[in-house]
Protein chains: 2
Amino acid sequence: MTRNPNMREAILSAAESLFSTRGFNAVSIRDIALEAGANPGSVTYHFKSKDGLLLEIYKRHCGPMNKRRIELLVAARRVRDVQDRLEAIVRAYVQPAFSSSSDLAGGGARFTRLRAVMSAEGNAVVGRIIAEIFDDTTNAFIEAIEQSLPHLPRKTLVWRSQFLLGALYYTLVNPERVTRLSRGEADGADMAEAIEQLVSATVASLQAPDINAQVAAEPVAKAGARKAPAGSRSRIP
Amino acid sequence: MTRNPNMREAILSAAESLFSTRGFNAVSIRDIALEAGANPGSVTYHFKSKDGLLLEIYKRHCGPMNKRRIELLVAARRVRDVQDRLEAIVRAYVQPAFSSSSDLAGGGARFTRLRAVMSAEGNAVVGRIIAEIFDDTTNAFIEAIEQSLPHLPRKTLVWRSQFLLGALYYTLVNPERVTRLSRGEADGADMAEAIEQLVSATVASLQAPDINAQVAAEPVAKAGARKAPAGSRSRIP
DNA sequence: TGATAATTTGTACATCTGTACAAAAGAAAA
DNA sequence: TTTTCTTTTGTACAGATGTACAAATTATCA
């Protein structure tokens with residue numbers, strides 16, 4: 001090793017940080033080099049191209065993150081109580097996205113934010129990779145949820161998993177909004193609270209009746225009820 | 001008016017379309033001009049700069065969209081039944097984001113997608129505007145929800161409104177994911193269904209108990225209480 | 001009509017972009 | 001030490017970018 005024994009890592013970390021906040025196209029190789037204290041030429045030496053650098057970031061994180069997810073999912077599926085199991089499953093999905101088990105600089109939150117930004121930009125390099133690598137894991141989660149909520153069609157669970165991922169992404173992309181709207185009552189950057197809030201909200205949304213579900217016999221007095229009792233109390237048999 | 005009586009509109013529409021799919025920095029003025037069938041110089045003539053063009057897009061949509069939202073919110077607040085009212089409130093928030101009332105080319109969905117992308121990129125031009133213009137509307141919604149769910153702290157409602165917006169954004173940013181994961185069972189681009197699914201899931205999540213709520217007395221027979229420990233293990237003092 | 005204003009066009013320019021590549025510097029092994 | 005390999009540096013280049021601006025074109029109106 002030469003001068004900076006971690007130059008490669010420094011570049012990766014700088015790129016991750018800049019990409020995840022400004023997007024891919026807004027960040028130049030020179031920006032990254034400056035942030036990492038490296039020479040621009042050194043970036044192409046280590047990663048061949050800007051795309052190669054982005055790809056390397058994904059390779060670095062995807063494996064550990066999804067591995068951790070599956071580990072937690074396996075444990076979650078063994079939980080007896082349905083309610084607790086559902087919560088454990090959602091937590092298994094959410095938690096590694098906020099802080100990956102591996103101690104890669106910055107943790108999983110930054111990488112998840114990066115994924116959110118790349119997704120929004122419709123990044124071509126990443127498009128295929130994402131679908132291929134993440135869909136397997138996502139499917140495992142949907143199946144697990146399917147087993148805990150067998151009365152719901154898969155279609156509905158997919159929609160709700162979409163909402164979960166969106167909520168997850170946006171929480172990392174724009175945490176200031178939570179702080180602002182709550183007038184300081186909440187801290188949007190508090191990852192621990194974000195996880196708890198997201199898990200509890202998601203568990204409830206997963207348990208909502210299907211939008212096409214027939215309403216079982218219920219003593220309805222009013223005439224209104226245009227959409228059926230869409231809420232959570234209809235959960236009670 | 002000159003050759004193309006709608007050249008200004010054509011440029012706006014083209015820019016909106018390109019920005020909302022590729023992001024701000026990935027799209028050049030020349031790209032926009034090409035898409036609009038205009039000369040690059042014409043873009044700077046009408047909008048002064050690239051930033052000015054983006055700003056004009058916001059000016060064009062923000063007003064009508066939030067106006068429609070507030071209209072629907074006012075109506076929603078008059079709904080008697082709590083459950084129905086909550087649903088109407090959420091729908092009042094969601095629906096205009098998918099299709100604005102005004103018939104501006106492309107409807108509200110494209111603009112909402114644009115907002116999602118700009119938010120992810122941390123676009124500086126837009127940052128302030130968003131907070132100033134949208135926070136008022138959002139606060140009106142949070143207050144309305146607060147009145148329907150008085151037992152929940154505002155903080156929790158802010159978190160859940162964050163999740164709603166994230167879910168909304170991501171549904172527009174990456175609809176293909178729904179189609180793919182559902183194996184064709186669902187169409188992620190079906191806006192009508194997206195709205196229904198999002199509304200029903202959100203209403204349920206809003207009604208979830210607060211993560212810090214004490215569990216009221218409930219005849220618990222089993223070891224695992226149904227809803228009680230749903231929050232986190234760390235919650236109990 | 002002619003005169004004036006509004007729009008479109010084409011060109012130009014300074015700057016930034018990703019990347020290539022040779023030279024320099026350093027580390028490792030003989 | 002010398003030799004060999006790895007890494008860093010500096011420079012260069014072709015292309016793209018945002019924007020300015022004068023000329024050409026078209027519309028508006030007296």
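The chains referred to below are lettered A, B, ... by the order of the sequence lines, with proteins before strands, and numbering in each begins at 1.
Of all nucleotides listed (D:dT9, C:dT9, D:dG18), D:dT9 comes nearest to the side chain of A:Asn39. For B:Met7, whose side chain is taken as the heavy atoms from C-beta onward, the closest listed nucleotide among D:dG18, C:dT8, C:dT19 is C:dT8. Nearest to the side-chain atoms of B:Thr44 among the listed nucleotides D:dT19, C:dT19, C:dT9 stands D:dT19.
Look at CZ on B:Arg8: it is 14 Å from P on C:dA6, rounded to the nearest Å. Here the P atom of nucleotide C:dT19 and the CZ atom of A:Phe47 are 13 Å apart, to the nearest Å. Straight-line distance from the NZ atom of B:Lys50 to the C1' atom of D:dA20: 17 Å, rounded to whole Å. Spacing between atom CG of A:Leu53 and atom P of C:dT19 amounts to 10 Å, rounded to whole angstrom units. When the P atom of C:dG18 is taken as reference, atom CD1 of A:Ile11 falls 14 Å away, rounded to whole Å. Going from atom CD1 of A:Ile29 over to atom C1' of D:dG15 covers 15 Å, rounded to whole Å. One can place NZ of A:Lys48 at 16 Å from P of C:dG18, the figure rounded to the nearest angstrom. Rounded to an integer number of Å, the gap from CZ of A:Phe24 to C1' of C:dT17 is 12 Å.
Within 4.0 Å of A:Val27, counting heavy atoms only, lie sugar-phosphate atoms of the nucleic acid but no base atom.
Salt-bridge check for B:Lys48 with B:Glu56: failed, with every basic side-chain N at 4.0 Å or more from each acidic carboxylate O. Between B:Arg60 and B:Glu9 there is a salt bridge, since at least one side-chain N of the basic residue sits less than 4.0 Å from a carboxylate O of the acidic one. The pair B:Arg128-B:Glu132 does not meet the salt-bridge criterion, since no charged nitrogen lies less than 4.0 angstrom from a carboxylate oxygen.
The shortest distance between the side-chain N/O atoms of B:Tyr45 and the OP1/OP2 oxygens of C:dT8 is not below 4.0 Å. Note on A:Ser28: a side-chain N or O is less than 4.0 Å away from OP1 or OP2 of C:dT17.
Between B:Phe19 and B:Phe24, the two ring planes are tilted [angle within 30° to 60°].
Place A:Arg30 and A:His46 on DNA chain D by their nearest nucleotides, and A:His46 ends up nearer the 5' end. Remark on DNA chain C: of its neighbouring residues A:Ala26 and A:Gly41, the 5'-side contact belongs to A:Ala26, judged by nearest-heavy-atom nucleotide.
At a threshold of 4.5 Å between non-hydrogen side-chain atoms, the residues B:Leu198 and B:Phe98 count as touching.
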